[in-house]
Amino acid sequence: MTANIREEVVAATLKAARMIATEGTGEKQPAHGLLFIIGDSKELLDPDPELPFAQPKLKVCSKYGKFPKDLDRRGGDPSRGGDPILIQKCCENDAEKRALQTLCTHDNAIVVDGASGQVCCGGFLNRDLTSPYGTGARTTAASAIAVNATCVSIKASEDICGTRANPVAPDAKLEVFRRNYYPKQVPVVPPSLESELHPLPFERELKWHVEQFVPGTRDWILDFLISWVRNTDGPRCCVLFAGPGFGKTAIVAKLCALLENDILIAVHLVQHNNAAKRDPCRMIKSFSYQIARALPEYRQLVEEILAAGSCDLNDIAQLFDCLILEPLASIELPEEGRLLIVIDALDEAEHATKNDLLDLVAREFPKLPTRIAVLVTSRRELKARTKLSTLRPKVLDSEENAEECANDVHKFLRAILAPVVEPEHLEATITTAAAKAQGVFLYLYWLRKRLEEDQPHANIEALPDGLAGAYLAQFTRVFPGGFSIDCRKVLEAILAAPVPPHTANTLPGLSGVPRCKDIVGLLSQLFPVGDDGCVYSFHKSIPDWLMGEFPYEDRSDEDPYFIDRVAVHRRAAAACVAALLREPDVRRNVNESDVHAAAVIREEWSGAGDDERDLLAPDDYALPWAITHLVAAKQQDVALALLCSLRFVTLRVGAGQMAELIADTTKVPGAEATLLRRALVLSQNHVGVWGFEVLAEELWQRLLEPAKKWHMMSVSRLARDARRMARGMRIITARHASLTPANAPLQCVLEGHEGGVKGVTAFKKSDGETRVASCSFDHTVRVWDPMAGRELLKLEGHQHHVLGVVAFKTSDGTQLLASCSADKSLRVWDPNAGVQIRKIVGHEDRVVGVTAFEMNNATCLASCSHDKTVRVWDPMTGRELHKLKGHQKWVNGVVAFKMNNAMCLASCSGDTTVRVWNPIEERQLLRLEGHQYPVNSVVAFGASDGPRLASGSFDKTVRIWNPIDRCELHKLEGHRDSVLSLAAFSTSEGTWLLASGSINKTVRIWNPIEGQQLNKLEGHDGLVYGLVAFELSEGVLRLASCSADGTVRIWDPIASGRTSELETHKKKVRGLAAFSMTRDGEPRLASCSEDGTVRVWDPSSRSELQKLEGHEDKVYGVVVFKLNDAICLASCSIDCTVRVWDPTSGRELHELEGHRSSVNGVTVLKMNEEVRLASCSGDKTLRVWDLTEGREINTLEGHRDAVIGVVAFEMNDEVRLATCSKDTTVRVWDPTTGHQLYVLEGHEDTVNGVVAFKMNDTLCLASCSDDKTVRVWDLTTARQLHKLQGHQARVRCVVAFDPTNKTPRLASSSDDKTVRVWDPAIAGKIALFVLPMESTVRCMTVFEMTATGGDDQNDDMVCAFGHLNGTITYWDVRF
């Protein structure tokens, strides 16, 4: 390029730049950049009467071609004197190329290669602008995006322009050009999208890997992948497995180079040493950005989603749904061909023992539209093999590919050795080098680098063998003779850390080497420092080699470069415990569990050298990883002492690490760690709802009793400390009155379903871990970890209630789930990947049960339906194999068993029968009759003389059958309601047991051979729909039950002890009253319930003192009073009576009869120095009773509907009564005369409660109503003062209290599951405090209780809540 030509180009360029920068290119999208079109586009630009081109307005040079007339559509406007610069064949030599590069170094320059249609950007020096790599040619480059420029790419090729030997006719040329290439707009993503999504750049890495690629290698893999991408009928997901050093990333890079932009829409290269590139959220956002550039419709949707701000950019699942799944599902994708997404090195996303990216890919990516193909590469690690098993991975380095791999190695070696080895020695040298490489391409890259850098004539014979030899050579070169003391310390810290240690924040304290940066620099080739300042391993095989792990187990400590794994973790553990015991925190400790843990730790390290004493890990590292290091260092006793330190537990839970703490308890062997894990699992739901403050209460209640019983000293210390802490704390959240101890049959509660849980099953993963799967009315199947008590997976797809679920294995050992639904379908799921494999249809009505069995050496499914049939299916093809007809009504259950060496099915039905079938012959073998009502469940189990069947029915019985003799053996009675579910299981001694679940919320355990009940398990709040028994670990038996209460509960079916989570009422608590019975003023609590009982409690010890029975129906209210200096209770009931009790003896003193409908409330008043009771009723009356004679003395009438509540108070030294009613009014009465004094109107619905209190020396009433309000009334003027609004549902109860004796407060409870505290002097919607509740609060009472903590004592004003689920909780009103 001559100087004159360059001057002309520069002048025209600047002119175009001024126009574009000042005036833009369109109404909506201004462009601020320079546009160059370069390459072989001469044929396209020559004058042609048929093409829409005119003579050039500006002729840069005669050989440079001409400008399109309608150039304004593509970035310039000739009428305004501004034209992009079209340069043809300008890069004919290096000088011209450098000149153009200099011209294009402007940050705003955009370069389009006319020959390839690729886009590059300016701002890069010394780059090949026509290369498809490096400067972003494959995608719109960052600088182009940043300036929001409109780019036009003109692609010239033989199919448009033809050749001299084979010219293309003008009309054909025009048609092809218009259809495919004219004008081809290169999508440009707005800068706002880039700033929102922060895309990750991979162009340099892809370019580098392609440059390392040796032509001719890996062709067999590339051919397979290109064929797979283009085959739209094949699988959409392709998983490639290969070992370390195989070159998976290079294969991905080469594939990306070969594929066109309209196929490859997104690529992500995971790197274990780059936090951003292994972050699932960053990957999703980067994918979204890349796809937005390729698909304009998708881009518009994503822009709208981001503008709305409705997507949480830090939530993995929500992010994937919002930015990937939903937008792709909403746009029209190409009908032909596929769009490809690539994820490389998925295994390297593992961080801190978790791989969230792997979970995301396995769970979500198979849900993408069918036109989206996904390619994944990974090492063959257990997690990846398990999660991706159903995607049928292709193992690249398998035996069947050995020949192709060997050929690739030889081709690679030939390419790098031919320039440096004599031809006559080349083959022998290649053979030698191939043997040393051992098929690992990482070794080959190392060899090439060595040849290029410093040893072009290296002796191949002298090269090390394999990666192990290469690592040894590398460390020997840097550290001749072995590691120095400080270097070994730093390496040990790097290898021990589960997360890459930060060079400044973590590594100095963890290693004990304050100035460790120089050592890190020496290690940088194998342990580089990432962008985040953390030290990573260059390759995952390096730590394996150093510590002698697979496949390097033959290494030992005799090797100067060997590092002992146990010693590594011992030093790390010392650093962690030093941080946790750091002064002055320890001096302030008064907890015996903390003192004991400190003593155990100091004893363990009493003989430690100075190098261990100087270790001090950062707090944010020590807290989560101390137990991991202690266990790995084989210091289980120290780990147990630390786990049982109250300070350690509270720190972990307070830091949001409860799930991780539970996982740590599983690492420590022994019964004490197991008991602690059970307590934490049982407590995690309450801690999750109420917060960290309830932890101490939860721990002591669950641990103290079993720890004492089993003499567990460490756990006992923790429980005592927790009790001391709980009693010394203000109760700022609700506390359960009595919690399930950790040794009770109930092991954990699995909560998460949004409807009743209808079925449950269990299975073992390939790694031996047990999982529980449940199905629900919420249309989902969920998978749980029963050890940790948490949800792992939610499977969605059914369109109606899911009514059954079963686990089974295919012939090749793959673990699957099958579910059945009211949507008339069965679905087969992969519980590892979290995807639906198949949908099976054929039933004509809801499918209510499913089981799996083996028949003819193949796994089959049997399902039963309300269409009166049982059907047998092939789960892999969905084909119906057999159809069994005979039942006269719906079929409720089906089970498979062997009888006389033949596989049979048994089914139960609404026609009251159990039937046995030969499924192959589709023939009924026998019919078992005996039940009087529909049969809900059937199971099979073994006996010494053959199989047995058990069936449960609406007739409240379980019946045991001998199907061979066709007779009933036992009728098991005990359930008070219908039996819905059954499960049979065998103990470790070989004894068969039977579990039955009922509508009455209980599970009963039976000996089905003897016909005896062994145990009763209580705790569910709804009917028990399903049961399954499973082995948690060898010899450890568990039972899972699912219920209409929305939970799955895990039980030890043969354990004894307190069984219900709360040994309180079995039904709704309707009333509470507090009192003191003892001289020392110890508080007591009385409660009444719809279970027909009144109970007396010690709220301090959470124990029941008395159970008062006598009412014949639900008890609606309870009140306490003194009669002749003795404490008495009065209760009222739906049985139309009021009863008076002695709470000490439990004896009934009086039964007051007279009401003609349910008695809804009762209160105490004094008239003429005599104690009286007043009761209100559904008969619209209020009655006053003389307790001495047990008779009615007055009836007050005036309400127009049922009277719901009554309260007594004094006004002007006179006793008054206030009542509330369904007639929406509150009325005030004189009980002596029976006259009605006031009618307070204002509520718009039923008034449920009323209470009297004083405010500023003024007597007031507060009332609560179904109209969602609380209203405050002035009794001196009989007018409404305030309307307190905020509840979202009916308000059930209101109480008054004065925490300071100066400022009265109101507390109201509602069906919106909140309790709100109000200042009655302030009107409006603003409550002082809103306390969320697990269950609706039906009644409340306030009392004082002495709390002790250490040597201090203080009186807490406590509010007790009675819940609709039968529980009682506490709360400190002086928050």
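Here the structure is a predicted model, which is why all the values come from computation and not from measurement.
In this structure the side chain of L388 reaches within 4.5 angstrom of the side chain of L346, judged on heavy atoms. Contact annotation: the side chain of F224 approaches that of C238 to within less than 4.5 Å [non-hydrogen atoms, C-beta and beyond]. Residues K394 and L396 form a side-chain contact, since some pair of their non-hydrogen atoms from C-beta on lies under 4.5 Å apart.
With no hydrogens or angles considered, a side-chain donor-acceptor pair links T628 and K667 at under 3.5 Å.
At least one cation-pi condition fails for R555 and Y561: the charged atom is not both under 6.0 angstrom from the six-membered ring centre and inside a 45 degree cone around its axis.
Distance check, rounded to the nearest 0.5 Å: CH2 of W220 to CG of N407 gives 10.0 Å. Rounding to the nearest 0.5 Å gives a distance of 14.5 Å between NE2 of H502 and OH of Y621.
Residues E604 and R570 are paired through a salt bridge, judged by an N-O separation under 4.0 Å between the basic side chain and the carboxylate.
For the ring-ring contact (aromatic ring centres under 6.0 Å, His included) condition, the pairs that include at least one residue of residues 400-422, sequence neighbours left out, are F412-F441, F412-Y445.
Partners of F475 under the ring pair (Phe, Tyr, Trp, His ring centres under 6.0 Å) rule, at least two apart in sequence or in another chain, are F483, W545.
Although no hydrogens or angles enter the test, the distance criterion places a donor-acceptor pair under 3.5 Å between the side chain of T503 and the main chain of G533.
The environment of CD in E424 is crowded: more than 12 heavy-atom neighbours from other residues, nucleotides or ligands sit within 6.0 Å.
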